[in-house]
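See below for the structure under consideration.
In what follows, chains carry the letters A, B, and so on, assigned in the order in which the sequence lines appear, proteins first and then strands, with residues in each chain numbered from 1.
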Protein chains: 2
Amino acid sequence: MSIHLDNIVEEGGFKSCAHDFQTNCGNCRLNAICLPLALESEDVEQLDDIIQRSKPIQKNQHLYREEDDFKSVYAVRSGTLKAYKTTDDGREQVTGFYFPGEILGMDGIANNTHASSAKALETAAICEIPFESLEKLSTLMPNLQRHFFQLMSREITEDQQLITLLSKNSADERIASLMLSISARNARRKLSATAFRLPMSRVDIGNYLGLTVETVSRVFSRMQKMDLLSVDNKEIEILDIQGLREMANLGG
Amino acid sequence: MSIHLDNIVEEGGFKSCAHDFQTNCGNCRLNAICLPLALESEDVEQLDDIIQRSKPIQKNQHLYREEDDFKSVYAVRSGTLKAYKTTDDGREQVTGFYFPGEILGMDGIANNTHASSAKALETAAICEIPFESLEKLSTLMPNLQRHFFQLMSREITEDQQLITLLSKNSADERIASLMLSISARNARRKLSATAFRLPMSRVDIGNYLGLTVETVSRVFSRMQKMDLLSVDNKEIEILDIQGLREMANLGG
DNA sequence: ACGAACACTTGATTTGGATCATGGCGCCCA
DNA sequence: TGGGCGCCATGATCCAAATCAAGTGTTCGT
């Protein structure tokens with residue numbers, strides 16, 4: 001059973017007080033990879049003033065739902081969320097997983113209505129960034145405007161990666177790519193790139209990658225047989241990252 | 001053989017002079033659906049000042065290529081373009097088609113490098129919008145900033161639609177959806193929603209939708225047999241839009 | 001105006017992943 | 001502390017779309 005450093009450290013700050021001294025961008029362990037990334041420290045303080053931190057949301061709770069009015073975008077402080085859409089015939093399509101330091105909700109800007117729902121896969125601490133305030137601040141701080149444009153652009157390029165994956169790659173390649181993506185995002189947060197716990201179920205993985213649960217399961221078994229990784233329920237250890245890259249078709 | 005009103009009318013303006021009186025946002029037939037959409041007329045003039053209009057690009061010419069430095073985003077004035085990425089193993093993934101009034105190139109903002117290539121499917125007139133100027137103008141004009149955030153957000157929601165389509169829908173459903181999308185975009189430009197010429201090849205359609213050419217061909221034949229549409233090479237006429245919606249699973 | 005290259009269609013066969021079916025394991029809670 | 005339910009694994013069968021193959025139609029360059 002692995003220890004979730006993220007949750008323990010960061011939720012610790014919350015339990016005492018929402019305005020705890022730890023609870024601001026300046027002190028946040030994630031500020032180098034999150035919204036404040038591009039800002040001077042005095043600017044960070046202004047950003048800090050508009051950010052709302054409420055109590056953590058529990059597993060399976062929604063942060064927002066499709067068709068809710070759009071008010072804010074959200075930064076993940078700890079925990080993991082999934083974003084998903086409900087298709088016209090009632091099925092679910094997972095459109096992304098969001099880890100600490102990542103921003104979600106930007107798909108709501110287009111129509112002032114959330115285009116997808118977001119639900120916690122485990123207890124999660126969230127920073128809410130009211131969009132109107134962010135817009136105003138952006139006109140005053142060109143760096144912030146630039147950075148937010150970049151964040152949205154990154155969301156676009158990531159979606160395009162997923163489109164390519166779904167359109168061109170086999171089940172093996174899709175799952176190898178997802179494992180590598182999670183590994184890289186862990187590394188960005190200074191966590192292990194080779195050993196981690198998957199916060200999402202096999203169903204969610206399959207849904208995200210356009211595969212059935214059975215296929216996900218079989219691919220994990222196959223990868224294990226090939227000594228690419230070891231799988232113990234949700235605990236993953238990457239044993240041969242090079243081999244995994246080759247399987248994902250990311251070249252040698 | 002159909003007549004391309006778009007090309008004839010708008011390229012006419014170009015041939016004489018790049019600073020032709022017709023060639024500005026204020027007079028552009030598309031200004032109600034393009035970037036100027038949200039702006040007052042005096043603001044439109046300022047926007048107009050930063051926009052560069054060069055001579056039309058020819059079929060198969062590139063507007064930009066993957067990994068080019070990112071300098072500008074582009075608005076289509078006439079013609080059609082496709083955006084595509086080259087996968088690690090050298091294949092091509094079409095990520096979008098762009099019609100008059102639509103903006104492309106926003107995926108380059110994230111890393112200051114174009115994440116995809118854009119190529120003309122037919123002769124196309126383009127408005128180039130230098131991004132640095134657009135950023136500066138956006139800090140001065142909140143409406144423009146807002147509108148550009150919305151445009152990027154729309155790109156995200158459209159990509160998510162495509163992800164869902166690729167992940168959950170059959171070949172029939174994918175192609176029906178694409179035909180309906182093109183129809184709706186034509187309607188937005190006050191062109192026929194039921195009769196149009198496809199600017200892209202079957203290969204491009206298949207590539208975009210994650211299908212082979214053969215499958216695209218067969219689906220068109222099947223739709224024709226079902227009297228949903230008539231297909232004459234690239235000329236499409238939608239005969240039963242309701243039936244097509246049902247096939248696309250967009251409900252009754 | 002002609003021929004080559006390209007774009008599209010249609011048919012036969014194959015196949016990767018879906019679907020259907022079953023069983024085990026762990027976990028939560030009474 | 002056991003029972004039920006959700007999650008996961010694995011085997012058997014099926015099917016939609018890919019692949020392979022062979023044409024025909026269209027476009028373009030000279």
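- At the phosphate of D:dC7, neither OP1 nor OP2 sits under 4.0 Å from any side-chain N or O atom of A:Lys234.
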- Task: Given side-chain hydrogen bond (donor to acceptor under 3.5 Å, both in side chains), test B:Ser167 with B:Thr164 step by step and report yes or no.
- Result: CA-CA 5 Å; B:Ser167 175; B:Thr164 305; over 6 Å; no
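- Annotation: the terminal axes of the helix from C:dA1-D:dT30 to C:dA30-D:dT1 meet at 50°, where each axis is the rotation carrying the C1' atoms of four end pairs onto the next four (5 pairs per end, rounded to 10°).
- In this structure, A:Glu235 places its CD atom 16 Å from C1' of C:dC25, rounding to the nearest Å.
- By the 6.0 Å contact criterion, CZ on A:Arg65 is open, its count of non-hydrogen atoms from other residues, nucleotides or ligands being 12 or less.
- Among A:Val231, A:Ile182, A:Thr194, the one residue that satisfies the side chain to side chain contact (heavy atoms under 4.5 Å, CB included) test with A:Ile236 is A:Val231.
- For B:Tyr74 and B:Tyr64, the ring centers are positioned less than 6.0 Å apart.
- The stretch residues 212-220 of chain A touches DNA chain D through A:Glu214, A:Ser217, A:Arg218, each having a heavy atom under 4.0 angstrom from the strand.
- Residue A:Asp204 contributes atom CG, which lies 9 Å from atom P of D:dC8 at whole-angstrom precision.
- No contact: A:Gly206 has no heavy atom under 4.0 Å from any strand.
- Between the CG atom of B:Asn60 and the P atom of D:dG29 there is a distance of 10 Å, rounded to whole Å.
- If you measure from atom CZ of A:Arg202 to atom C1' of D:dC7, you get 9 Å, rounded to the nearest angstrom.
- In B:Lys190, the NZ atom is not crowded: 12 or fewer heavy atoms of neighbouring residues, nucleotides or ligands sit closer than 6.0 Å.
- In this entry the distance linking CG of B:Leu209 with C1' of D:dA18 reads 16 Å, nearest Å.
- Protein atom CG of A:Leu166 is 19 Å distant from nucleotide atom P of C:dG16, rounded to whole Å.
- Classification of A:Arg91 and A:Asp89 as a salt-bridged pair holds, one side-chain N sitting under 4.0 Å from a carboxylate O.
- Put simply, NZ on B:Lys168 is 18 Å from P on D:dA16, counting in whole angstrom units.
- Comparing A:Asn169 and A:Asn233, the nucleotide of DNA chain C nearest to each residue sits closer to the 5' end for A:Asn169.
- When the nearest nucleotides of DNA chain C are assigned to B:Ser221 and A:Leu211 by heavy-atom distance, the more 5′-ward of the two goes with B:Ser221.
- Salt-bridge formation is detected for the pair B:Lys82/B:Glu92: a Lys NZ or Arg NE/NH1/NH2 atom is positioned less than 4.0 Å from an Asp or Glu carboxylate oxygen.
- Summarising the geometry, the separation between CZ on A:Arg197 and P on D:dC7 is reported as 13 Å, rounded to the nearest angstrom.
- The existence of a salt bridge linking A:Glu102 and A:Arg185 is confirmed by a sub-4.0 Å separation between a basic side-chain nitrogen and an acidic carboxylate oxygen.
- The number of heavy-atom neighbours closer than 6.0 Å to NZ of B:Lys59, taken from other residues, nucleotides and ligands shown, is 12 or below.
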